[in-house]
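Working notes, structure below.
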Amino acid sequence: MRIGACACGRMVCMAVEFERKQRIAVLGGGPGGYEAAIAGAQLGADVTLVERSGVGGSAVITDVVPSKSLIATAEATNSIAEAADLGVQFYSRGDHGKPVRPEIAVNLAAVNKRLMGLARQQSEDMRAELVRAGVNIVNGEGRLDGDGAIIVSTARGGSGTDFDRVEADTIVIAVGARPRVLPSAVPDGERILTWTQLYDLDAVPEHLIVVGSGVTGAEFASAYTALGSKVTLISSRDQVLPGEDADAARVIENVFKRNGMQVLSKSRAESVVRTENGVVATLSDGRTVEGTHCLMAVGSIPNTTGIGLEEAGIQQTPSGHIRVNRVARTSIPNIYAAGDCSDLLPLASVASMQGRTAVFHAMGDAVNPIELRNVTSNIFTQPEIATVGWNQKQIEDGIAQGDIYKLPLKSNPRAKMLGLRDGFVKLFARTGSGTVIGGVIVAPRASELIFPLALAVEHRLTVDQVARAFTVYPSLSGSISDAARAMHIVL
C-alpha cells in the first residue's frame, strides 16, 4: 500500500494505491529454470517453480552431474595407469614374497551409487536454496494455459489426478530435452542404452559400442575406455567431434586409438538389435559390429510436445525448439524460454544465463543480451577441449579477420613435469589490432584453463594485454601467456 498527498484547491486528499508483486511462473527446474526462479525472488517477485522430476532437472539428475562424476572416476583410473611414466609403480606381494603388479579394478556399481548420490544431493541443495529464497515449488506435470497461467497436474495417492492453476504475469519455460531414440535401435535399459540409463549398470561393459561421435558419444567413449571397456565408436563423419576445431578433434581421435579404441569413421549405424548375450549393430554398408552393450548418443529432442505452446501462439523451429531472441523472449511478449528447449546453444551455462536474463528483462532490470560469441564450451574427454569465440574455420573462410597461433603443450615445462604428451593452446587475434577474438585449449582441465581467454574475448583485450599478466612458473596457464607473447603487435 502506498499513501501520498496531493493539493486540490483548498482541500488535501489522500490517495491509497495497492501494489501487487509481479508474479513469475517457471516451468521446469533445470539450470535455466532454477536461475530464473532465484533471480525473480532476489528482485522481489512472487515466484512459483513447477518441476516434475526434481530441482536441477535432467542436467543435475541424469546428465551433467552424474556424467562428469563418472568421468572424474575415469580420470582417476587413467592417473593410476599412467603413474609409471612418472616413476610410480604399484606392486603387491605374491608367492614367495615376489612382487606382482596388480590390475586396476573398477567397481562400477559403487561408482554409480556414488555419482547418483551426488546428483540427488545437488538437487536437494538447489531445492533448499530455492526455499530459502522464498520460491514456491510445485511438483507435477505443467502445461501452459494461454499466456497467463500454467496448469499443473499431480497424481493422487490412490488414483486420479489433481489439477492446480498457477497464474502469472511472466512465464519462463525451461523444460529441457531428452535423448533422441531411433526406431531401429530402441533402448531397453539393459543392453541398448541412452546416456540416462548407463547408471543402472552393475559392471563395466566388456565391449561397449557407442553410436554417435558428437560430444556425448566422445565423452562416454573416452570414459569407458579408461574404466576398462573395449570400446567401438561408430562415427558417420570423417573424424570424431564433427564441428569442433579440426586440430583438437584430431588429437582426441589419436588418443582414442592409442588407448585401444576402435573408431569406425564414415560409418552409419542402420540398426542395433539385442542378441542372447549382447547386441549387434548393423552398418549402412552391411558390416556388423558385435558387443555386449550399446550406447545410443544420436542427439536430443526438446520436451516441448503437449505443453500448450501452439495454443499460446509460441513460435517453434521445425525440430520443436522454442524460438527466442537474445534476451530469451519468445514470440509472446510475457513468455520466455531457457535451456535445451530453446533454439540457442544447448549448454547448462547458457541455460543459466538465459534464465537470469529473461527475468531481469521481464522485471525491467539492467540486462546484457546474450552474445554467443563469448560463450565458453568444454568437452570432457581425456584430454579436454575448451573453446571460446571465433573458430579457425570461420577465419579461414573469411567470416572473421584474424591471425592464428598454435603452441604445442609438450613445450610447456609443467606439462613435461606431469608427463603430458597431447594438447595445445591456440589463439585467434584480430589482424592489425591484436584483439583476442577466440581460442582453443586441448589439455587436462582445459575447462579451467579457458577462463583467461574468455575474459579476454569478453573484454576485448589484446594479446599484449594478456601477455603482460603474470602467470605462475611453472604452470600450464603459462602456455597462454607464451602464445599471446608470440603474437605481439609491433607499434
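Values reported hereafter were calculated over all heavy atoms of this structure, with side chains retained and with hydrogens, waters and symmetry mates removed. Starting from 1, each residue takes its place in the sequence as its number. Here the structure is a predicted model, which is why all the values come from computation and not from measurement.
A 4.5 Å side-chain heavy-atom check between F256 and V231 finds every atom pair outside the cut-off. Residues L345 and I370 form no side-chain contact, since every pair of their non-hydrogen atoms from C-beta on lies 4.5 Å or further apart. Under the 4.5 Å side-chain criterion, counting only non-hydrogen atoms from C-beta, F424 is in contact with V440. Residues D245 and I385 form no side-chain contact, since every pair of their non-hydrogen atoms from C-beta on lies 4.5 Å or further apart.
With hydrogens and angles ignored, the 3.5 Å screen pairs no side-chain donor or acceptor of E219 with any backbone N or O of T216. At least one donor-acceptor pair closer than 3.5 Å links the side chain of S184 to the backbone N or O of E270. The main-chain N or O of A221 is found under 3.5 Å from a side-chain atom of T225 such that the two form a donor-acceptor pair. When atom types are taken as modelled, the side chain of Y199 and the backbone of V111 share no donor-acceptor pair closer than 3.5 angstrom. Checked by atom type and distance alone, the side chain of R180 pairs as donor or acceptor with a backbone atom of V298 at under 3.5 Å. Side-chain N or O atoms of Q394 include one that pairs as donor or acceptor with a backbone N or O of N391 at under 3.5 Å. The main-chain N or O of H207 is found under 3.5 Å from a side-chain atom of T292 such that the two form a donor-acceptor pair. A donor-acceptor pair under 3.5 Å is formed between the side chain of E384 and the backbone N or O of S447. Judged by distance alone, the side chain of N334 and the main-chain N or O of G148 form no donor-acceptor pair under 3.5 Å. In this structure a side-chain-to-backbone donor-acceptor pair under 3.5 Å is present from D343 to V324.
Annotation: the span from F451 atom CZ to S477 atom OG amounts to 13.0 Å, rounded to 0.5 Å. Rounding to the nearest 0.5 Å places CG of L241 at 6.5 Å from OG of S213. For the atom pair CG (L49) and CG (L27), the distance works out to 8.5 Å, reported to the nearest 0.5 Å. We find the CD1-CD1 distance between I171 and I332 to be 10.5 Å, quoted to the nearest 0.5 Å. L198 contributes atom CG, which lies 9.5 Å from atom OG of S67 (distance to the nearest 0.5 angstrom). In this structure, CZ in F163 is found 8.5 Å from OG1 in T154, a value given to the nearest 0.5 Å.
Other residues, nucleotides and ligands place no more than 12 heavy atoms under 6.0 Å from the CZ atom of R445. Under a cut-off of 6.0 angstrom, the local environment of CD in E290 is sparse, with at most 12 non-hydrogen atoms contributed by other residues, nucleotides or ligands. The number of heavy-atom neighbours closer than 6.0 Å to CZ of R52, taken from other residues, nucleotides and ligands shown, is 12 or below. Taking a 6.0 Å sphere around CE of M126, one finds it holds more than 12 heavy atoms contributed by other residues, nucleotides or ligands. Atom CZ of R414 is surrounded by 12 or fewer heavy atoms from other residues, nucleotides or ligands within 6.0 Å. At most 12 non-hydrogen atoms from other residues, nucleotides or ligands lie less than 6.0 angstrom from CD of E206. Within 6.0 Å of NZ on K113 lie no more than 12 heavy atoms contributed by other residues, nucleotides or ligands. In the displayed structure, K230 atom NZ is contacted under 6.0 Å by at most 12 heavy atoms of other residues, nucleotides or ligands.
Among the candidates L283, V211, V289, the single residue satisfying the side-chain contact (heavy atoms from CB on, under 4.5 Å) test with S267 is L283.
Note on R127 versus E51: no salt bridge recorded, every NZ/NE/NH1/NH2 to OD/OE distance being 4.0 Å or above. Ion pair E124/R120 not flagged as a salt bridge, since none of the NZ, NE, NH1 or NH2 atoms sits closer than 4.0 Å to an Asp/Glu carboxylate oxygen.
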side-chain contact (heavy atoms from CB on, under 4.5 Å) assessment of W390 paired with V457: CA-CA 9 Å; W390 295 96; V457 171; over 6 Å; no

Derivation and outcome, side-chain contact (heavy atoms from CB on, under 4.5 Å), residues F220 and L70: CA-CA 9 Å; F220 279 112; L70 178 73; 3.8 Å; yes

Pair V375-M353, side-chain contact (heavy atoms from CB on, under 4.5 Å): steps then yes or no: CA-CA 10 Å; V375 173; M353 185 66 76; over 6 Å; no

Worked check of side-chain contact (heavy atoms from CB on, under 4.5 Å) between Q392 and K406: CA-CA 11 Å; Q392 183 167 337; K406 177 183 172 185; over 6 Å; no

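Closest non-hydrogen pair, N378 versus A446, comes out as OD1-C, 3.8 Å. Of all the heavy atoms in G146 and A312, the pair that sits closest is O-CB, 3.6 Å. Nearest heavy atom pair, residue S229 against residue P205, reads OG-O, 2.6 Å. Nearest heavy atoms, L476 versus P444: CD1-O, 4.3 Å. In terms of heavy-atom proximity, S479 sits nearest to L407 at O-CD2, 3.5 Å. For the residue pair L309 and L144, the shortest heavy atom distance occurs at CD2-CD1, 3.9 Å.
A side-chain donor from one of Q354 and S342 sits under 3.5 Å from a side-chain acceptor of the other. With hydrogens and angles left out, the side-chain atoms of T304 and H321 include no donor and acceptor closer than 3.5 Å.
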